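Worksheet: the structure to be examined is printed underneath.
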Amino acid sequence: MALPPPDPQFVLRGTSAEVHTLHFYCGDQEPDYPILFSGSSNGLIHVWNLKTRRVDTILDGHGGKSVYWLEAIYGRDRLLSQGRNQQICLWDLAEGRNTVTDSVLTENVGFCKSSLLKVAQGHWLMAMPGKDLDEVQVLELPSKTSVCTLKPEADAKPGMPMCLKLWQPDFGSCPFLLAGYEDGSVILWNLSGGKILSRLACHQEPVMSLDFDSEKTKGVSGSSEEVLTVWSLDEQQNLKVQKTHKLVNAGIADVAIRQDKKILATAGWDHRIRIFGWKKLKPLAILDYHTATVHCVSFSDHSRPSERLLAAGSKDHRISIWSIYNQTSGALHCPLETRKPD
Amino acid sequence: MDPEPFEVGHAVQEAINILSSSRNGVQISEALGTIKCYLGGTENQAPLKEREEFTRVHFSAFLRGLVSNLSPDWIELLTSDQQKELWDSFFLEGPADQVFLVLLDSIISTGPSFRLMKVISILEQFLQTGGMSALMWEVCHQQAQAGLPTFQETLLNKVVCLPDHLCNKLQGNNLPIFFPQNYFPLLATEIIQVLQRISDSLRGGLDCSISFVSQVLGKVCVHGRREEILNVLVPRLMDLTKVDCIWQRMCWRLVECVPDRWIEAVVCGFIQKAPGADVLSRLLGNLVVKNKKAQFVVTQKLLLLQYSYVTAVLQNLLGYLALDSLRRSLLIKVLKELLETWGSSSAVKHSPVEQQLYVSKAILICLSHLKEPEIESNGQELLTSMMGGMKCHLDSNLPRVRRLGMIVAESISSRITTDGPCLKFQYEDDDETRELKSLQQTARLQLPVTDLPNAGNDSPSATPKAVSKRSGNPHPAASAVPEEESDLELDSDDDLIPYDMSEDKELRKMKAPVYIRDCIEVLTGSEDMDKWEATMKVLESLIRRNSATTREVSMELAKVLLHLEEKTYIEGFMELRKRALVAVTITDPVPVVQYLTSQFYSLNYSLCQRMDILDVLALAAQELSQPQASGKNKPRSTQSPCTLTVPCSDSSQNWRRIVDERIKSKTHRLAKSQSLVEPACGPNKFSSLAGHFFFPLIQNFDRPLVTFDLLGDDHLVLGRLAHTLAILMYFAIHTVAAAAMGKSLLEFVWALRFHTDSYVRQGLLSAVSSILLSIPSERLLEDMTDEFLETQSWLADVAEKDPDGDCRRLAWQNLLLMENLLKKLRSVPS
């Protein structure tokens with residue numbers, strides 16, 4: 001008999017609005033405590049202290065419009081936030097300050113989350129939805145100069161970009177962008193030429209979220225239908241569907257692969273968080289806590305694997321924090337299981 | 001006539017005289033020595049003729065003389081060696097039958113004395129040195145020539161009753177060897193010895209009769225010592241007959257020669273003790289074909305008249321019948337008779353369930369033994385009896401009986417229709433059904449594969465068939481070798497153990513209605529199944545929350561719910577509907593109960609609906625009669641006061657508390673006092689309503705409608721009605737109406753007391769229990785004395801004679817309750 005799924009380790013309440021995005025920042029130094037940024041539909045960004053499990057700071061900079069993307073930059077002192085007021089703000093949080101030091105106007109009315117990639121010390125690339133509906137812009141930070149604009153050819157008609165993922169192969173050639181579009185296709189862009197390398201129509205419905213594992217060059221995407229698709233990128237830069245998994249209920253709002261590439265979490269419209277093994281997409285757990293759609297899932301990047309957490313934000317205003325599959329061996333889950341010698 | 005006989009007689013007479021008169025040890029030993037020559041076995045023995053003469057005519061008399069002279073001072077005259085050599089040897093070496101009789105006679109006739117002790121010790125030695133086998137051999141030997149019936153009869157009695165005689169005589173001083181539990185196993189080994197000697201003599205070409213041994217066996221068995229003797233005998237015979245056909249024939253003879261009046265005990269014993277059908281067949285041979293009495297016992301008595309044996313015995317018995325072509329015709333005959341019993345509606349109604357189970361088991365085992373051609377030739381008969389039997393089993397009100405019918409019918413139909421669909425019923429598996437089903441298969445595999453010695457084995461074909469069947473049915477464990485995933489990738493998620501994911505179900509998006517009127521609308525009109533399902537699920541809680549609104553529409557809601565059908569599959573629909581109806585009934589009892597009770601006796605309802613009405617009434621009565629526990633009550637304090645005095649700094653009190661607790665932990669309380677927990681209390685809402693529930697239900701039961709006849713076919717509903725009335729009566733305790741209710745319920749019981757259906761009778765008996773518990777005893781005894789006494793005599797009758805075990809138990813319980821009531825009344829003089 002399998003164990004019943006675990007309960008959340010703790011629950012953060014008090015955003016008093018739907019939680020749309022979550023971002024962990026754990027830091028490496030010992031005195032630093034891990035923090036969690038959460039962005040909600042009332043335009044507020046909460047900075048949670050995960051040691052005291054209380055709100056440290058509340059940032060208000062999007063004019064009451066919902067915040068749907070957050071990412072820390074320069075350690076914990078700078079934060080990028082994207083909101084429905086078409087602004088991407090850069091926050092200065094050092095030494096107790098909480099001011100917007102810079103901002104970018106996206107002029108995009110969609111809700112496509114941006115993507116950030118560190119290309120060198122002090123240099124980042126940020127992909128964000130552009131002014132035209134089907135356009136993606138890539139900026140260099142901190143200079144904010146435009147690197148390229150990715151616009152599909154007129155006859156391609158993939159619709160609006162829904163989700164973006166910038167990535168760079170390990171051997172350090174030029175970065176690529178994976179983008180999920182409204183028509184259900186995933187497109188691999190080459191940033192240097194601004195060309196489509198591969199296009200994979202893997203869903204019938206808009207792609208809601210994708211994540212990519214650059215080590216194994218395979219990624220996963222979820223859409224508003226009841227299918228989770230894993231696709232891989234071969235040497236010829238072609239995307240191919242590797243595996244699909246049918247879910248009980250339709251709609252995946254967010255997918256996230258854990259940093260150690262062991263498990264995958266999905267945020268479901270059916271109020272449930274699902275955990276899969278990343279290697280073979282083996283269903284592992286259904287975390288049923290929320291009472292409304294789960295909007296986002298995020299894994300913490302804590303340096304100690306045993307303290308890595310999973311956070312999920314939901315329409316029911318709550319953020320649930322889970323500690324799951326973070327023992328280095330399975331021994332704690334099942335003491336009698338003898339491990340196979342590899 | 002020869003002078004010799006006279007000579008021998010003379011010598012014996014002289015010796016006896018010397019023994020009785022002489023006080024000279026030398027003289028006595030000389031006399032004994034002389035006689036000993038006639039016994040043989042020494043170097044200077046008398047001629048053969050004289051010896052025969054002596055043993056035939058004079059030996060008993062001489063022994064008697066020896067015993068009668070026995071006294072302490074007389075025996076002193078001989079040295080102990082002489083005692084052993086001369087005195088004892090007469091008993092231990094002489095003809096065993098005569099010795100045994102003389103010994104037992106003298107034991108019976110002698111009072112406690114030295115002589116008795118001496119005789120008993122000789123008897124003990126006699127038994128220990130194999131005297132019994134010598135005795136039986138002697139008789140068997142003689143029998144081959146000419147028998148002395150009376151002598152043998154006496155001997156037989158003495159052999160079998162030896163433990164009784166000695167026990168009577170010695171009382172507390174009995175020796176262990178004479179205890180039945182020791183004596184009969186000894187006798188069994190002696191029997192084996194005798195059989196061994198007989199087999200040797202048969203091999204030597206000498207004829208020998210075995211009938212005395214058979215008689216001993218039969219008489220021991222019929223005297224109730226079957227266990228002791230067969231526990232030793234059967235395993236030995238089993239070993240000996242395994243390879244030797246002379247032994248096998250002897251064994252058959254042994255059982256065949258048992259007189260008719262004892263054969264039942266012996267055959268039953270063998271069937272019970274044999275470890276398998278093949279062994280039984282080896283031991284009994286074709287006894288059932290040859291012996292009418294044995295045939296009756298095996299084919300009728302053990303199967304149809306008794307039902308106390310375990311399944312293994314049935315398997316032995318029927319397997320034995322199946323093992324030989326001569327006996328197989330009996331097997332088919334037996335099956336037909338079993339099916340006749342199984343299919344007789346009177347048997348289903350009147351015989352205890354245990355017997356029906358036994359018969360069903362026998363049928364299943366029989367079926368598993370039948371071969372295809374046999375089935376085919378009897379297919380039509382099997383089909384007709386199956387149809388009849390199935391009908392009367394399914395008619396029964398007892399689920400266990402119904403299930404028995406289903407299983408047996410299923411198995412018959414699967415045997416007669418080899419191709420094409422066979423009967424399949426829906427029932428829940430439990431241990432009993434699994435056992436029954438396993439009987440169909442196991443018996444087929446149990447056909448022996450050990451080859452019998454060829455003597456008398458007419459069915460060699462059984463063996464290869466069994467083997468081929470076995471290989472056709474490979475053992476599931478063999479095929480289920482855990483198949484290691486050979487293409488197991490190194491890179492897999494195996495180290496991550498999944499959690500339980502059974503809760504992952506489809507999310508219902510449909511919003512359930514919030515108002516009761518909406519619910520009625522959905523339930524009556526809506527075609528939207530999701531909405532309908534959601535409504536069903538919230539209805540009960542809605543009704544309970546909004547009692548005021550419910551009261552406005554209670555009748556309408558009750559009507560809708562009562563007529564509601566399951567349009568689409570919903571998990572637990574019946575339960576949901578019932579709970580909603582109960583909730584309505586509780587919120588607005590009077591009109592709803594009136595409606596429900598009137599509908600119970602009206603036209604155009606299915607039996608299921610009527611039974612639902614009864615269930616709802618019973619559940620509602622229960623809920624109404626219970627004090628409102630949840631919600632309003634304060635949280636109960638389960639802790640006892642002495643542990644509540646913890647925050648007390650005073651050291652002396654602390655000390656007191658620790659001691660108290662220690663005492664408490666070491667004290668066993670037989671009845672834990674509940675007084676500390678404050679029981680929930682509130683007015684009994686049922687008391688004013690009991691009449692509304694009860695009287696409309698009991699009124700019309702004897703008025704048949706076109707579609708509903710309680711006293712006829714619909715006895716299932718009648719049984720439910722009786723149970724429901726019992727429940728209502730029980731919850732009406734302490735109410736004003738209880739006495740009146742009890743009176744009419746007693747009349748109801750009285751009218752139906754001889755109902756043939758045991759479920760109905762059970763209902764009536766529980767109604768009586770409720771009456772006894774609910775009505776104050778004074779009222780019961782003063783106002784209803786006649787009914788009370790009549791019921792008592794009826795109960796006594798049921799407790800004695802009812803075929804159904806539960807009925808008997810309930811009746812006993814009721815009688816006990818009555819007894820207690822009377823006792824209580826007597827102890828409190830009014």
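Heavy-atom basis, side chains included; hydrogens, waters and symmetry copies ignored. Just so it is clear: chains get the letters A, B, ... in the order the sequence lines come, proteins before strands, and each one is counted from 1. Note that the structure is a prediction, hence the values are computed from the model and not measured.
Between B/Asp500 and A/Pro4, the shortest heavy-atom distance links the atoms CB-CA, 4.0 Å. Nearest heavy atom pair, residue B/Met501 against residue A/Pro283, reads CE-O, 3.3 Å.
No more than 12 heavy-atom neighbours from other residues, nucleotides or ligands sit within 6.0 angstrom of NZ on A/Lys240. Atom NZ of A/Lys218 has more than 12 neighbouring heavy atoms from other residues, nucleotides or ligands inside a 6.0 Å radius. More than 12 heavy atoms of other shown residues, nucleotides or ligands fall within 6.0 angstrom of atom CD in A/Glu307. For B/Phe573, the CZ atom counts as densely surrounded, since its 6.0 Å shell holds more than 12 non-hydrogen atoms of other residues, nucleotides or ligands. Remark: B/Tyr515 OH is loosely packed, at most 12 non-hydrogen atoms of other residues, nucleotides or ligands lying under 6.0 Å away.
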B/Leu496 vs A/Ile263, test: side chain to side chain contact (heavy atoms under 4.5 Å, CB included). Steps then yes/no.
CA-CA 9 Å; B/Leu496 304 171; A/Ile263 59 172; 3.6 Å; yes
Could you walk me through whether A/Ile324 and B/Tyr499 pass side chain to side chain contact (heavy atoms under 4.5 Å, CB included), step by step?
CA-CA 11 Å; A/Ile324 192 165; B/Tyr499 289 97; 3.9 Å; yes
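At least one donor-acceptor pair under 3.5 Å links the side chain of A/Tyr325 to the backbone N or O of B/Ile497.
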